[in-house]
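First listed ligand is number 1; within each ligand, the first listed atom is number 1.
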Amino acid sequence: MVHKFTVATHSRTELIDITAQIQRLVTENNVQSGICQIFIPHTTAGITINENADPSVVHDILMEINKVIPFNDNYHHLEGNSAAHIKSSLFGPSLSVIIENGQLLLGTWQGIYFCEFDGPRHRKVWVKIIEDK
Ligand code: ZN
């Protein structure tokens, strides 16, 4: 079974903490131990894990990624969102997190972020939970 939920983004580029939504799926399915695979089915979005204590970290990540990959740079792709496609490939479409004692096994300062690079839009997140038996 694949669990699906949507994320509403509000800016052209934005990192949204989805840790709570993922943990809720783990809790609702009563999974004590296993692996949680998270997949983003989009070519202009991605996923990453980074600090969720100081919001300045997310601000700085976006500020720098938008400098390194500018929105306009004589790209060939006619849709006009090449920067978003490039950022999507840099961050990647998926990650997996260990589940132990019913909790996502993350570092103290880590959160799971949906990465919007061509918003605002409504986006999909797919989650597969593989339980240890
Ligand atoms: Zn495109």
_Residues in side-chain contact (heavy atoms from CB on, under 4.5 Å) contact with Asp17, at least two apart in sequence or another chain_ =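 Checked Asp17 against side-chain contact (heavy atoms from CB on, under 4.5 Å); matches are Thr19, Asn52, Tyr113.
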_side-chain contact (heavy atoms from CB on, under 4.5 Å) partners of Lys133, counting only residues at least two apart_ =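 Expected list: Glu131.
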*Answer yes or no: are there more than 12 heavy-atom neighbours, outside Ile98 itself, under 6.0 Å from its atom CD1?*
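Check fails, neighbour count at 12 or below.
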*Looking only at non-hydrogen atoms, find the nearest pair between Trp126 and Lys4 and report the distance.*
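Between these two residues, the closest heavy atoms are CD1-CG, 3.4 Å.
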*Which pairs count as ring pair (Phe, Tyr, Trp, His ring centres under 6.0 Å) when at least one residue sits in residues 37-83, sequence neighbours excluded?*
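For residues 37-83: His77-His85.
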_Asn101 side chain vs Gln103 backbone, donor-acceptor pair below 3.5 Å_ =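 A pair under 3.5 Å: no.
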_Restricting to distances shorter than 2.8 Å, give the number of protein N, O or S atoms close to the Zn ion (ligand 1)._
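Near the Zn ion (ligand 1), the number of protein N, O or S atoms below 2.8 Å is 4.
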